[in-house]
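Predicted model only: the values in this text are computed from it and were never measured. Per chain, numbering begins at 1; letters A, B, ... match sequence-line order.
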Number of protein chains: 2
Amino acid sequence: MPNTGDTGRPNRHPTMADVAAKVGVSRALVSIVFRGKEGASQETRDRVFQAAAELGYHPDTAAQLLRSHRSRHLGVLYTPAEPFHVDLIEAIYPMAEKHGYDVVLGAQTPTRAMTKAVEELLGFRTAAVLLLGDATLAEVTRLAARVPLVAVGPHLRGDAFDTVSSDDSRGARLAVEHLVELGHRHIVHVDGGVKAGAADRRRGYRAVMRKHGLPATIIPGAYTEESGALAARELLRCDPLPTAVFAGNDRCAVGIVHALRRFGLTVPGDVSVVGFDGSRAAQLPHIDLTTVRQDISGTAEAAVESAIERLDDGRTEAKHVIRKTQLIVRGTTAPPKR
Amino acid sequence: MPNTGDTGRPNRHPTMADVAAKVGVSRALVSIVFRGKEGASQETRDRVFQAAAELGYHPDTAAQLLRSHRSRHLGVLYTPAEPFHVDLIEAIYPMAEKHGYDVVLGAQTPTRAMTKAVEELLGFRTAAVLLLGDATLAEVTRLAARVPLVAVGPHLRGDAFDTVSSDDSRGARLAVEHLVELGHRHIVHVDGGVKAGAADRRRGYRAVMRKHGLPATIIPGAYTEESGALAARELLRCDPLPTAVFAGNDRCAVGIVHALRRFGLTVPGDVSVVGFDGSRAAQLPHIDLTTVRQDISGTAEAAVESAIERLDDGRTEAKHVIRKTQLIVRGTTAPPKR
DNA sequence: CTGAAAGCGCTTACAG
DNA sequence: CTGAAAGCGCTTACAG
């Protein structure tokens with residue numbers, strides 16, 4: 001018995017030829033209709049889309065990519081567990097769409113190194129790659145030799161890739177000046193170690209403290225809630241207790257706030273806390289965190305546009321964009337009671 | 001002047017032919033080496049990989065997919081902003097890899113509906129789709145007609161798709177029994193509305209309360225921190241104040257804990273709180289949430305294996321897996337003081 | 001191992 | 001609008 005070809009499996013996708021046959025036109029015409037090119041009457045377009053819908057036809061992305069030799073995909077390398085990255089990719093999607101690009105996500109997870117995620121993206125021949133988060137100059141340079149690259153976050157310079165970063169130093173100064181203006185003199189910084197922007201935030205903190213003749217105290221931290229909770233324990237060992245803390249980022253700040261409250265202290269009554277990022281978590285009503293907001297949609301916009309300029313406008317010189325930061329005063333800062 | 005073909009752009013990817021030419025072998029042999037098939041000596045393999053590395057060659061996924069007519073990609077539809085989904089995808093990656101599959105992420109965001117993400121995944125011709133989170137029976141059934149489908153989370157039944165869900169009802173009973181055993185009599189449930197598992201968790205709560213002759217009180221909620229914070233305000237209006245709360249999920253529980261502490265109450269001193277999910281957030285030291293853990297890695301494993309069975313073993317009957325839940329007693333529950 | 005060949009599902013000119 | 005044709009970068013037999 002000959003095989004009928006019907007395996008009963010739902011994954012035999014219809015092709016352009018099926019649609020063409022059903023409508024009674026050429027495959028080329030179907031292609032034209034689906035790409036929205038001129039050369040087909042409105043009536044034909046309607047019939048083609050109608051037939052496609054009935055058949056459940058959708059173009060094969062792999063075939064389109066292969067033949068057109070022109071990817072309309074932006075690869076985005078990100079860490080799913082990083083809330084700030086999630087905020088960024090949610091902003092990247094509409095920006096990419098505006099320019100006619102799709103987004104392909106490359107996830108970096110505990111079991112999946114950056115290199116693995118990169119190879120996957122390059123395997124899909126994405127037109128460009130947006131790299132969120134930390135990366136060394138060597139990594140970025142190597143990647144940029146293979147694909148147009150925009151690094152989002154790290155303060156790196158190079159003429160083979162673009163970057164979009166925030167004015168972390170200025171943001172830190174805004175945060176600390178705010179605390180000083182409220183009357184705080186004993187302000188501690190829980191830093192972000194070697195993570196993106198951490199050095200500049202430290203610098204900004206130190207500069208303001210020096211300017212006001214105040215002693216700088218830095219507790220080593222990281223950009224996580226755990227590190228904030230840990231730092232809070234350190235804080236409690238200080239005598240006298242600092243009246244304010246400038247955290248390396250929002251996640252760290254949230255950890256600090258919760259740990260302090262758990263230990264029976266009030267925020268901002270006993271201790272004021274400022275974060276950094278302006279993440280969604282900071283906005284939650286039970287957190288209501290005073291923070292330095294990075295311009296997330298502006299960053300997403302600049303990153304996508306940098307990629308588009310290289311892709312569609314032929315720009316080849318590097319471009320390094322720095323987005324402004326903004327102090328958002330909310331409920332975790334107040335004048336010191338002591 | 002003829003165009004040399006060198007545009008100065010870094011995105012002219014080398015092909016298999018380039019590698020073959022460099023090594024001095026046929027393209028077919030390079031293909032064999034890259035797919036790890038037999039038919040090439042160890043020495044040839046080394047030379048091929050060496051040349052590929054020097055050229056920066058990586059196979060074109062689109063071309064492989066197109067020609068082999070056999071996708072080794074699992075599409076995963078998820079919501080980046082949902083921490084529980086992030087925990088799941090991090091577990092899905094290694095499981096998929098174990099079976100020789102790659103993962104393609106389809107993101108559902110505020111600006112990007114599920115249908116859009118689905119079309120993208122189908123455009124890539126992923127071999128199967130794992131659907132995380134909420135979906136209606138109609139949606140799931142329609143999708144399952146086009147691609148082998150595993151729905152993770154929703155308590156749906158159908159013979160066109162597989163599901164993996166948790167024993168939410170039993171989990172809820174474990175949580176509430178725990179509170180009753182501690183001596184609580186006034187236990188409120190902040191529910192998850194129409195979200196996945198919410199109905200079963202409500203049922204479990206009601207069953208235990210009824211069994212012990214206790215009055216059931218349900219505050220309408222959602223699976224978010226905001227809803228928890230909101231519910232905490234409701235709670236404070238209760239007279240007398242309930243001594244324990246069973247939250248619809250961990251995010252909601254975290255919102256409740258924080259809001260209560262912010263209002264000056266202690267957890268578990270004044271109020272005990274139990275969550276649901278066993279998410280990473282619940283484990284954080286400053287939260288230390290008592291919760292009902294869903295078997296995340298077991299769920300990921302079952303979901304991937306269900307897909308693999310349809311793909312590689314030809315299974316066509318539906319399979320509905322229910323994973324056990326487990327009570328994890330941590331620091332947010334204690335005997336009532338009142 | 002080689003080498004020629006076919007073909008996956010498309011896009012892209014091109015003559016009619 | 002059609003129709004035949006070439007080709008994207010691969011995989012997959014197949015004869016040698």
Side-chain angles (χ1 to χ4, degrees), chain A residues 5 11-49 51-52 55-73 100 102 119 122-127 146, chain B residues 5 11-48 51-52 55-73 100 102 119 122-127:
Chain A
N11 46 353
R12 218 293 280 165
H13 293 274
T15 71
M16 219 164 228
D18 297 321
V19 179
K22 187 171 172 105
V23 182
V25 297
S26 66
R27 282 163 42 199
L29 227 214
V30 176
S31 174
I32 284 168
V33 170
F34 263 87
R35 283 175 297 134
K37 294 274 172 184
E38 52 189 26
S41 67
Q42 188 55 50
E43 195 232 325
T44 307
R45 288 180 195 281
D46 293 343
R47 285 171 58 217
V48 166
F49 284 130
L55 290 170
Y57 169 77
H58 284 269
D60 184 314
T61 305
Q64 288 181 313
L65 251 48
L66 186 57
R67 178 53 240 235
S68 66
H69 222 183
R70 173 134 225 278
S71 166
R72 296 303 285 188
H73 289 270
D102 281 330
E119 296 314 330
L122 292 179
F124 279 117
R125 298 291 188 265
T126 57
R146 298 168 61 190
Chain B
N11 47 352
R12 217 294 279 166
H13 292 274
T15 70
M16 218 165 228
D18 297 321
V19 179
K22 186 170 172 107
V23 182
V25 298
S26 65
R27 284 162 41 199
L29 225 214
V30 176
S31 173
I32 284 168
V33 170
F34 263 87
R35 284 174 297 135
K37 294 273 174 187
E38 53 189 25
S41 66
Q42 188 54 49
E43 195 232 326
T44 306
R45 288 180 195 281
D46 294 342
R47 285 171 59 216
V48 166
L55 290 171
Y57 169 76
H58 284 270
D60 184 315
T61 305
Q64 288 181 314
L65 249 49
L66 187 56
R67 177 55 238 235
S68 66
H69 222 183
R70 171 136 227 277
S71 165
R72 298 303 285 188
H73 288 269
D102 281 330
E119 296 314 328
L122 292 178
F124 279 118
R125 298 290 189 266
T126 58

Within this structure, what is the NZ-to-P distance between B:Lys37 and D:dT11, rounded to whole angstrom? 11 Å
Kindly say whether B:Glu43 contributes a backbone atom to a donor-acceptor pair with the side chain of B:Asp46 at under 3.5 angstrom? no
A correct dot-bracket answer for DNA chain D, with pairs being Watson-Crick or G-U at under 3.5 Å, [ ] for crossing pairs and | for inter-strand pairs, is |||.||||||||.|||
If you pin A:Thr15 and A:Ile32 to their nearest nucleotides in DNA chain C, which one's is more 5'? A:Thr15
I'd like to know if the side chain of A:Arg27 and the backbone of A:Met16 have a donor-acceptor N/O pair within less than 3.5 Å. no
Rounded to the nearest angstrom, tell me the gap between atom CE in B:Met16 and atom P in C:dT2. 13 Å
Just call it for B:Tyr57: base, sugar-phosphate, or nothing, with non-hydrogen atoms closer than 4.0 Å on any strand. sugar-phosphate
Once hydrogens and angles are ignored, does a donor-acceptor distance under 3.5 Å link the base of D:dG7 to the side chain of A:Arg67? yes
Whole-Å distance between C:dC14 P and A:Leu29 CG? 18 Å
Within the structure, does a side-chain N or O atom of A:Arg35 lie under 4.0 Å from either OP1 or OP2 of C:dT12? yes
Please tell me if B:Ser31 has a side-chain N or O lying less than 4.0 Å from either OP1 or OP2 of D:dT11. yes
What is the distance from CZ of B:Arg125 to P of C:dG9, rounded to the nearest Å? 9 Å
Using atom CG of A:Leu65 as one end and atom P of D:dC10 as the other, report the distance to the nearest whole Å. 13 Å
Comparing A:Val30 and B:Val25 on DNA chain C - which has the more 5′ nearest nucleotide: B:Val25
OP1 or OP2 of C:dT2 versus the side-chain N and O atoms of B:Ser26: is any pair under 4.0 Å? yes
Is any side-chain nitrogen or oxygen of B:Gln64 closer than 4.0 Å to OP1 or OP2 of D:dT11? yes
Report which part of the nucleic acid A:Ala40 touches: base, sugar-phosphate, or nothing (heavy-atom distance under 4.0 Å, all strands). sugar-phosphate
